[in-house]
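Convention: sequence-line order gives letters A, B, ...; per-chain numbering from 1.
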There are 2 protein chains.
Amino acid sequence: MRILLVEDEPELASALKTALRRHDMVVDHAASLLEAGDFAASESYDAILLDRQLPDGDGLTLVPKIRARGNATPVLVLTARSDTSDKVDGLDMGADDYLAKPFAFEELLARLRALLRRPANVQTQVIRAGDLAFDLGHREVLVRGEPLTLPRRELLVLEALLRRTGRMVQRSSLMEAVFGLDDEIQSNALDTHVSRLRRKLAEADAKVEINGVRGVGYLLREIS
Amino acid sequence: MRILLVEDEPELASALKTALRRHDMVVDHAASLLEAGDFAASESYDAILLDRQLPDGDGLTLVPKIRARGNATPVLVLTARSDTSDKVDGLDMGADDYLAKPFAFEELLARLRALLRRPANVQTQVIRAGDLAFDLGHREVLVRGEPLTLPRRELLVLEALLRRTGRMVQRSSLMEAVFGLDDEIQSNALDTHVSRLRRKLAEADAKVEINGVRGVGYLLREIS
DNA sequence: TGTTTCGCAATGCTTCTGCAATGTTGAGGG
DNA sequence: CCCTCAACATTGCAGAAGCATTGCGAAACA
């Protein structure tokens with residue numbers, strides 16, 4: 001397991017490095033944002049341990065940078081600040097976990113193990129098709145940059161279809177995505193939502209089309 | 001996004017459910033370990049929110065159970081206990097994240113989003129022959145990657161033949177695959193479907209051919 | 001409490017599908 | 001070698017099944 005440790009405080013860095021090594025991890029150490037960027041770009045790590053307070057800026061800014069390069073390495077952020085809004089920001093910027101200082105080393109280790117066990121996160125935050133972009137994080141649909149507001153159910157239909165653009169989505173699987181279990185829907189409610197969604201997509205000229213396939217389900221296609 | 005919420009305290013459960021729904025998630029609720037096990041087994045979720053203190057035991061024991069069934073759904077554990085050793089146990093039993101009560105709902109959401117940031121594409125079995133690929137799970141036929149939409153009966157014929165590519169399929173066995181038991185078909189309906197299917201496969205240049213064998217049945221062959 | 005959204009049912013439309021009529025093929029017998 | 005007949009192939013058609021669309025009342029939402 002190769003870990004990139006980004007931490008400017010020499011004492012803590014050294015202690016962590018030693019402790020991680022003791023658990024059979026190979027640790028590279030970066031003391032600044034700049035250095036960390038270089039390391040992350042040139043080497044491939046199984047996880048990145050990232051301090052926020054670095055001499056040349058907020059460590060968190062590193063995350064979108066490496067994500068933009070298509071790098072999905074799990075990032076665990078270490079920080080002195082521990083209020084909720086900070087955590088939320090961190091996670092939403094693409095970090096995978098967040099640990100407030102001071103922390104128990106055992107917990108760091110356990111969280112690290114949980115991250116390493118997770119399958120590689122290659123999923124992009126935004127799904128695109130035709131002229132539309134679906135921002136999964138902010139649950140927002142944009143058509144050529146203009147927001148398109150959709151009701152909840154239609155949004156769910158669209159999301160399920162977009163996750164398999166150009167491929168079949170079974171009716172049953174759509175039903176499951178849109179209505180849970182407890183809803184006992186026995187009408188053509190799904191068809192209704194598809195229909196309304198179709199109209200809105202056409203009106204917004206989103207350059208996508210929803211095709212129904214009899215007896216099977218639906219699929220969303222890009223159109224020229 | 002489908003979430004399984006396992007929480008016995010009705011008030012919190014209801015509040016969470018509402019809040020999650022407001023963020024476009026489809027939530028199923030289980031109030032006990034037993035119920036949760038059933039839900040997790042029969043349905044597929046994108047994430048599980050799991051309380052530890054349940055009337056019939058420690059929620060955490062659910063995690064190894066579902067993992068043993070090959071289910072890799074991300075699990076976020078909620079708990080009142082917040083000491084390090086508990087967290088370590090939780091994460092090491094296969095949970096993906098751990099959040100101590102009381103928590104800010106925003107943090108829960110952010111952590112959930114981090115967990116969900118992964119591909120939802122379930123792999124299903126695909127049979128190939130010639131230039132065709134039949135995705136059994138999604139009931140979809142692709143010819144060189146392009147979807148070929150077929151009516152239900154023709155799809156059934158194709159599936160039955162593909163399952164025995166290059167080998168004879170008895171007429172009677174095809175009848176059963178296509179019409180099942182209940183239908184009382186006494187015409188040449190099967191021949192009709194085979195014929196129509198042949199035409200479509202030829203039009204799509206699928207590099208497969210259906211040969212009829214007098215008195216026996218049909219077989220599907222790859223052609224150069 | 002006004003507004004949006006949702007599920008439902010009624011309606012019209014498209015596609016499917018079993019059937020039958022007609023054409024074609026091939027094996028066996030004369 | 002050709003004839004015969006049954007089995008298979010193909011195609012048009014009408015009934016049926018499935019889907020699309022819309023308006024409406026009720027529920028959820030802000």
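Scanning for side-chain hydrogen bond (donor to acceptor under 3.5 Å, both in side chains) contacts around B:Asp56 gives an empty result, with sequence neighbours left out. When the side-chain hydrogen bond (donor to acceptor under 3.5 Å, both in side chains) test is applied to B:Asp205, no partner is found at least two apart in sequence or on another chain. Here B:Arg163 pairs with B:Glu159 under the side-chain hydrogen bond (donor to acceptor under 3.5 Å, both in side chains) rule; sequence neighbours left out. With sequence neighbours left out, the side-chain contact (heavy atoms from CB on, under 4.5 Å) criterion links B:Pro55 to B:Asp8, B:Ser32. With sequence neighbours excluded, the residues that form a side-chain hydrogen bond (donor to acceptor under 3.5 Å, both in side chains) with A:Glu154 are A:Lys200. Taking the side-chain contact (heavy atoms from CB on, under 4.5 Å) definition, one finds that A:Ala204 meets it with A:Val143, A:Leu148, sequence neighbours left out. Applying the salt bridge (charged side-chain N to carboxylate O under 4.0 Å, His left out) rule to B:Glu9 yields no partners; only residues at least two apart in sequence or on another chain are considered. Checked against salt bridge (charged side-chain N to carboxylate O under 4.0 Å, His left out), A:Arg196 has no partners two or more places apart in sequence or in another chain. Applying the salt bridge (charged side-chain N to carboxylate O under 4.0 Å, His left out) rule to A:Lys101 yields the partners A:Glu7, A:Asp51; only residues at least two apart in sequence or on another chain are considered.
Rounded to whole angstrom, the span from the CZ atom of A:Arg152 across to the C1' atom of C:dC6 amounts to 11 Å. Rounded to whole Å, atom C1' of C:dT5 lies 16 Å from atom CG of A:Leu190. The CG-C1' distance, from B:Leu150 to C:dC16, rounds to 12 Å in whole Å. For the pair A:Asn188 CG and C:dA10 P, the computed distance is 11 Å after rounding to whole Å. At whole-Å resolution of the value, CG in A:Leu155 and P in C:dT4 are 18 Å apart. Remark: C1' of C:dC8 and CZ of A:Arg153 are 14 Å apart, rounded to the nearest angstrom.
Taking 4.0 Å as the cut-off between side-chain N and carboxylate O, B:Arg2 and A:Glu176 count as a salt-bridged pair.
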Check nucleotides 26-30 of chain C against the protein and report each pair of N or O atoms closer than 3.5 Å, with its distance, or say if there are none.
none

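Extent of DNA chain D lying under 4.0 Å from chain A heavy atoms, first and last nucleotide in 5' to 3' order, is D:dA17 to D:dG23.
Near DNA chain C, meaning a heavy atom under 4.0 Å from it, residues 191-198 of chain A has A:Thr192, A:His193, A:Arg196 in order of number.
Taking the six-membered ring where tryptophan is involved, the planes of B:His193 and B:Phe179 are tilted, since the angle between them lies from 30° to 60°.
For the pair A:Gly215 and A:Arg199, both in contact range of DNA chain D, the more 5′-proximal nearest nucleotide belongs to A:Gly215.
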